[in-house]
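FYI, side chains are in, hydrogens and waters are out, and symmetry mates aren't considered; it's all heavy atoms of this structure.
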There are 2 protein chains.
Amino acid sequence: MTGSREKVADAAPDAGSLQLDRFIPYRLSVLTNTVSMVIAGAYEREFGLSIPQWRVMAVLARYPDLSAVEVAERTAMDKVAVSRAIQGLLDDKRVLRAFDKGDRRRSILRLSAAGQAVYTRVAPMALRYEAELLSALNPSDQRTLDRLLARLMEQAKSMQAR
Amino acid sequence: MTGSREKVADAAPDAGSLQLDRFIPYRLSVLTNTVSMVIAGAYEREFGLSIPQWRVMAVLARYPDLSAVEVAERTAMDKVAVSRAIQGLLDDKRVLRAFDKGDRRRSILRLSAAGQAVYTRVAPMALRYEAELLSALNPSDQRTLDRLLARLMEQAKSMQAR
DNA sequence: CGGATATAGTTTCAATTGTAACCATTAGTT
DNA sequence: AACTAATGGTTACAATTGAAACTATATCCG
């Protein structure tokens, strides 16, 4: 019925045959946005935390006394984003800041008691969301995902380097 | 050596043990951002196209004569983003807009000849980037990725629904 | 018909984000 | 010491994005 003659019809011939909903970068983007919105909504609702703030708290919980640039490295955020997240956390008294004796530019950051308290509640929630997402995959596929993400990240970084 | 007593040490005990760089939503986000930046930079540099504009063109190439909301559905963008992308494409004369006879609210969008010409150059470039990214995986892993993304997207949508 | 409701799309305004410029301090060089 | 360059961090400004309000048209229902 459909294709006996040429010149389009309904499904266009298409340069190199690209279909958006099969295009991996697009699918990654949609997936990430959906996941982020779900989780960010919960952080915000329950704790008044933005995603950047959450990331900063997560690294400070595990590695206290980092400087802002060290936080930036470990969160894949730029230093401006880190500065802003920290400012908010300082305002909310969830982070304490000191400055290095030997190098007075360098800040030394850690969670306050209040920050710790918040963190011990956010972290399990984050892990539950992750677990719920991954529950769509069996354990073997979960390990595979882990591996594929690592490889893709490597490759993406090398593409970025050029 | 390390763990015979409790109460911290250097690597914090951590609520439920969360490590940011092992946290899937974070890794997805970093991967997506990296990939998007690489590709968006190329679209912008070579064609003056934003990612939203590129998405709109991709669906119109394949499905001409959609309305703006139909474009929105097929690009996972909201109607404001679509409206703005289309405005830019109209300004650049890469998209033509007519209005439905029977329902004059409804627009009917398609690529102009110039838009088609651009598209036939962008699409192969997009596919090359995708191929380069995926070249980090063997064919079997590529199929697996496809499957896992589909499952995760399903699950993310169902989480969002609540 | 006339009034409420819904839909397509745009505009407006606020919040978020990115880039560049900017202090302050430290390190290197002569 | 004095000058330059580099580093840590913040600020300022522009661009992007999101949410809500708005216009126009169409539909529903009495």
Side-chain angles (χ1 to χ4, degrees), chain A residues 29-30 32-34 36-41 43-45 48-56 59-60 63 65-92 95-110 160, chain B residues 29-30 32-34 36-41 43-45 48-56 59-60 65-91 95-110 160:
Chain A
S29 169
V30 175
T32 296
N33 288 343
T34 305
S36 287
M37 280 190 53
V38 169
I39 299 187
Y43 292 170
E44 169 57 44
R45 213 178 322 104
L49 271 184
S50 68
I51 294 244
Q53 288 178 338
W54 146 251
R55 286 187 183 178
V56 169
V59 312
L60 291 181
Y63 307 103
D65 298 327
L66 295 185
S67 70
V69 291
E70 289 165 339
V71 169
E73 286 160 12
R74 289 180 184 276
T75 52
M77 293 160 60
D78 69 37
K79 66 183 185 168
V80 176
V82 170
S83 172
R84 293 199 259 240
I86 289 173
Q87 195 51 60
L89 292 168
L90 287 170
D91 292 349
D92 298 342
V95 161
L96 300 173
R97 176 166 61 182
F99 291 91
D100 188 293
K101 277 299 185 188
D103 181 346
R104 294 180 3 254
R105 296 168 305 180
R106 232 185 147 67
S107 60
I108 298 176
L109 302 162
R110 56 164 61 214
Q160 187 181 39
Chain B
S29 170
V30 175
T32 296
N33 288 342
T34 305
S36 288
M37 280 189 54
V38 170
I39 298 186
Y43 292 167
E44 169 58 42
R45 214 179 320 103
L49 271 185
S50 68
I51 293 244
Q53 288 178 339
W54 145 252
R55 287 186 183 179
V56 169
V59 312
L60 290 182
D65 299 327
L66 295 185
S67 70
V69 291
E70 289 165 340
V71 169
E73 285 160 11
R74 287 179 184 278
T75 52
M77 292 160 61
D78 68 39
K79 64 181 186 169
V80 176
V82 170
S83 172
R84 292 199 260 239
I86 289 173
Q87 195 50 59
L89 292 169
L90 287 170
D91 292 348
V95 160
L96 301 173
R97 176 166 61 182
F99 291 91
D100 189 292
K101 277 299 184 189
D103 181 346
R104 298 187 352 263
R105 294 169 307 180
R106 233 182 148 69
S107 59
I108 298 177
L109 302 162
R110 56 164 59 214
Q160 187 181 38

Exercise. Would you sort out whether B:Arg84 and B:Met77 count as a side chain to side chain contact (heavy atoms under 4.5 Å, CB included), showing the intermediate values?
Key: CA-CA 11 Å; B:Arg84 292 199 260 239; B:Met77 292 160 61; over 6 Å; no

Exercise. Using atom CD of B:Gln87 as one end and atom C1' of C:dT11 as the other, report the distance to the nearest whole Å.
Key: 11 Å

Could you pull out the protein-nucleic contacts involving nucleotides 24-26 of chain C (nitrogen or oxygen on both sides, under 3.5 Å)?
from   : atom 1 : to       : atom 2 : distance (Å)
C:dT25 : OP1    : A:Arg104 : NH2    : 3.2
C:dT25 : O2     : A:Arg105 : NH1    : 3.0
C:dT26 : OP1    : A:Arg104 : N      : 2.8
C:dT26 : OP2    : A:Arg104 : NH1    : 3.4

Quiz item: Which letter, B, S or -, goes with each nucleotide of nucleotides 13-19 of chain C from 5' to 3', with contact meaning a protein heavy atom under 4.0 Å?
Solution: ----BBB

Self-check item: Phosphate OP1/OP2 of D:dG8 contacted by A:Ser67 side-chain N/O (<4.0 Å)
Solution: no

Exercise. Round to a whole Å and report the spacing from CE of A:Met77 to P of D:dT10.
Key: 12 Å

Quiz item: Quick one: salt bridge (Lys or Arg N to Asp or Glu O under 4.0 Å) partners of A:Asp78, sequence neighbours excluded?
Solution: none

Self-check item: From OG1 (B:Thr75) to CG (B:Leu60), nearest 0.5 Å
Solution: 9.5 Å

Practice problem: May I have the distance from A:Lys79 (atom NZ) to C:dC22 (atom P), rounded to whole angstrom? | Solution: 14 Å

Quiz item: Below 4.0 angstrom from OP1 or OP2 of D:dT10, is there any side-chain N or O of A:Ser83?
Solution: yes

Self-check item: Protein-nucleotide distance (B:Phe99, atom CZ; D:dT23, atom C1'), rounded to Å
Solution: 13 Å

Exercise. Return the value, rounded to whole Å, for the distance between atom CD1 of A:Ile51 and atom P of D:dG18.
Key: 14 Å

Quiz item: So, do B:Leu109 and B:Arg97 sit near enough that their side-chain heavy atoms are less than 4.5 Å apart?
Solution: yes

Practice problem: Scan B:Ser50 against the nucleic acid and name what it touches under 4.0 Å (heavy atoms): base, sugar-phosphate only, or nothing. | Solution: nothing

Self-check item: Spacing of NZ belonging to A:Lys79 relative to CD belonging to A:Glu73, to within rounding of 0.5 Å
Solution: 12.0 Å

Quiz item: Are any of A:Arg97's side-chain N or O atoms less than 4.0 Å away from OP1 or OP2 of D:dG8?
Solution: no

Self-check item: Atom pair distance, as rounded to whole Å: CD1 in A:Ile108 and C1' in D:dG8
Solution: 13 Å

Quiz item: B:Arg74 and side-chain contact (heavy atoms from CB on, under 4.5 Å): which partner among B:Val56, B:Leu66, B:Val69?
Solution: B:Leu66

Self-check item: Spatial distance of atom CG (B:Asp65) from atom CZ (B:Arg110) [nearest 0.5 Å]
Solution: 4.0 Å

Exercise. Search all heavy atoms of A:Ile108 against all heavy atoms of A:Phe99 and return the closest pair with its distance.
Key: CD1-C, 4.2 Å

Quiz item: Is there a donor-acceptor contact under 3.5 Å linking the side chains of A:Arg55 and B:Ser29?
Solution: yes

Practice problem: Provide, to the nearest angstrom, the distance between the CG atom belonging to A:Asn33 and the C1' atom belonging to D:dT16. | Solution: 14 Å

